Protein chains: 2
Amino acid sequence: MAQSDTVVRILDTAEALFAEKGFAETSLRVITSRAKVNLAAVNYHFGSKKALIQAVFARYLDPFCEEFNKELASLEKKSEVTLEELLEVLARCTVSVPATKGSLSVFMRLLGLAYTQAQGHMRRYLQEHYGQTFLRFTNLLKLSSADLPDAERFWRIHFMLGAVVFTMSSLDALRDIALSDYNEKTRIADLVARLLPVVTAAMQAPVPEQPELVH
Amino acid sequence: MAQSDTVVRILDTAEALFAEKGFAETSLRVITSRAKVNLAAVNYHFGSKKALIQAVFARYLDPFCEEFNKELASLEKKSEVTLEELLEVLARCTVSVPATKGSLSVFMRLLGLAYTQAQGHMRRYLQEHYGQTFLRFTNLLKLSSADLPDAERFWRIHFMLGAVVFTMSSLDALRDIALSDYNEKTRIADLVARLLPVVTAAMQAPVPEQPELVH
DNA sequence: TAATGTTTGAAACACCTGTTTAACTTGGAG
DNA sequence: CTCCAAGTTAAACAGGTGTTTCAAACATTA
């Protein structure tokens with residue numbers, strides 16, 4: 001068939017390789033040969049390597065955002081939203097959505113890479129396409145932690161984002177250690193259960209003295 | 001002079017460029033030309049690009065570990081160590097040591113990159129050269145949080161490591177946002193002041209029900 | 001001063017990169 | 001059956017990569 005599964009095979013292979021080695025370290029030749037697809041297929045179907053990277057992200061983030069936006073909408077209707085509620089919704093969407101199609105740890109590792117590596121175009125892409133959903137989330141977060149100064153909340157969001165992304169992105173290695181050192185087989189659900197009280201406590205930690213503002 | 005400053009100039013330039021663009025994205029030609037040094041100098045003085053990357057880290061981490069080990073030694077003599085004490089020592093060493101020679105944010109970004117990017121040789125190098133100091137730290141951490149189950153502490157260490165590394169690795173971008181959105185010029189010292197209570201609270205968060213162990 | 005070992009310099013090496021080209025195959029509509 | 005657009009293929013392109021070579025320049029020792 002002409003309309004074959006070439007696109008999907010490229011996406012699957014690229015996703016796995018990107019997560020394993022990073023973007024710059026993964027060449028189109030490795031992707032296409034492992035996907036059993038011609039080298040030119042990437043440029044034909046996606047246009048460029050950059051566009052392929054973005055497509056890999058979109059395949060995860062689009063369904064996630066759709067689901068998450070629904071949940072946010074129902075939360076926005078409520079008169080009051082607790083921090084625990086909001087975080088629980090976030091955790092549930094994160095776990096449920098990509099579970100239907102792939103490994104969560106792969107996606108998390110990709111997200112971590114996107115933030116640190118390739119500082120340019122990926123950040124811009126994520127901001128442009130998913131910034132609105134993120135803003136919606138932070139608005140609710142503001143309601144559920146009204147006593148926190150805005151700047152303090154801003155930083156804590158990123159602290160916690162780091163905790164999640166970093167842990168998830170080296171999940172396999174950490175899981176191995178947890179198994180051998182503590183005899184614990186950690187499922188994603190267990191990790192989320194561990195993260196929730198930590199993140200909640202972190203967000204509610206006492207506020208230190210403020211740094212001076214720009215006059 | 002034969003013993004010129006070539007090595008230092010390479011290290012300075014490589015450090016800045018690695019932090020800015022990542023390891024794979026920074027070529028030896030860019031480094032050497034900006035450092036006003038011959039292309040072959042890197043391979044002559046360091047042996048390879050990998051060795052150069054490791055040398056960049058060693059220049060930061062060696063003095064840090066020396067200082068940190070001293071502090072750890074005096075803590076180990078005490079009969080009791082609180083979590084706040086231990087974290088404060090860690091923060092102080094982190095801030096003070098590299099401040100003598102370069103930007104802390106550069107170093108932190110490098111550390112973040114090392115963990116996410118180039119998963120292979122850098123992780124191994126860090127483990128081999130600085131794993132013992134890390135172990136010493138975690139042993140003290142265990143004493144200062146004795147009520148925490150070992151597995152729980154293990155995961156929380158990595159949550160907090162992620163919070164620090166991730167934030168630091170995208171520090172410049174976050175700092176720009178903090179400045180434009182909250183009119184705050186965040187110095188590294190401010191960030192550390194923000195991190196300390198958050199990390200402390202996170203480590204002391206209530207422990208959720210345990211996941212089942214491998215029989 | 002002469003010999004020595006270290007450091008630099010320009011060029012080449014072999015290889016890998018993303019992208020483009022143009023010929024070729026193929027599935028489905030008229 | 002014909003035709004056309006969509007998809008695939010192998011080859012080439014232009015440029016960048018880390019590394020090596022070997023002669024020249026240099027500082028330091030005898």
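Each chain gets a letter, A, B and so on, in the order its sequence line appears, and its residues count up from 1. Every heavy atom of this structure was used, including side-chain atoms; hydrogens, water molecules and symmetry mates were not. What you see is a predicted model; the values in this text were computed from it and never measured.
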Rounded interatomic separation in angstrom, taking NZ from Lys36(A) and P from dG7(D): 22 Å

Thr6(A) vs dG7(D): side-chain N/O to OP1/OP2 distance below 4.0 Å: no

Salt bridge (Lys or Arg N to Asp or Glu O under 4.0 Å) against Arg92(B), all qualifying residues, sequence neighbours excluded: Glu71(B), Glu88(B)

Partner set under side chain to side chain donor-acceptor pair (under 3.5 Å) for Thr133(B), not counting sequence neighbours: Asn69(B)

Nearest-Å distance for atom pair CG/P, residues Leu17(B) and dG18(D): 12 Å

Nucleotides 10-20 of chain C: protein proximity per nucleotide (B base, S sugar-phosphate only, - neither; heavy atom, under 4.0 Å): B-B----BBBB

Stem regions touching DNA chain D, defined by at least 3 consecutive Watson-Crick or wobble G-U pairs below 3.5 angstrom: C:4-30 with D:1-27

His45(A) side-chain N/O to dA6(D) phosphate OP1/OP2 under 4.0 Å: no

Heavy atoms of other groups near Glu66(B) CD, more than 12 under 6.0 Å: no

Ring pair (Phe, Tyr, Trp, His ring centres under 6.0 Å) against Phe137(B), all qualifying residues, sequence neighbours excluded: Phe68(B)

Set of residues satisfying side chain to side chain donor-acceptor pair (under 3.5 Å) with respect to Thr200(A), sequence neighbours excluded: none

Residue pairs fulfilling salt bridge (Lys or Arg N to Asp or Glu O under 4.0 Å) with at least one residue in residues 132-143 of chain B, sequence neighbours excluded: Glu76(B)-Arg136(B), Lys142(B)-Asp150(B)

All pairs passing salt bridge (Lys or Arg N to Asp or Glu O under 4.0 Å) where residues 41-51 of chain B contributes a residue, at least two apart: none

Between C1' of dG18(D) and NE2 of His121(B), the distance in whole Å: 13 Å

His129(B): partners by ring pair (Phe, Tyr, Trp, His ring centres under 6.0 Å), with sequence neighbours left out: Tyr125(B)

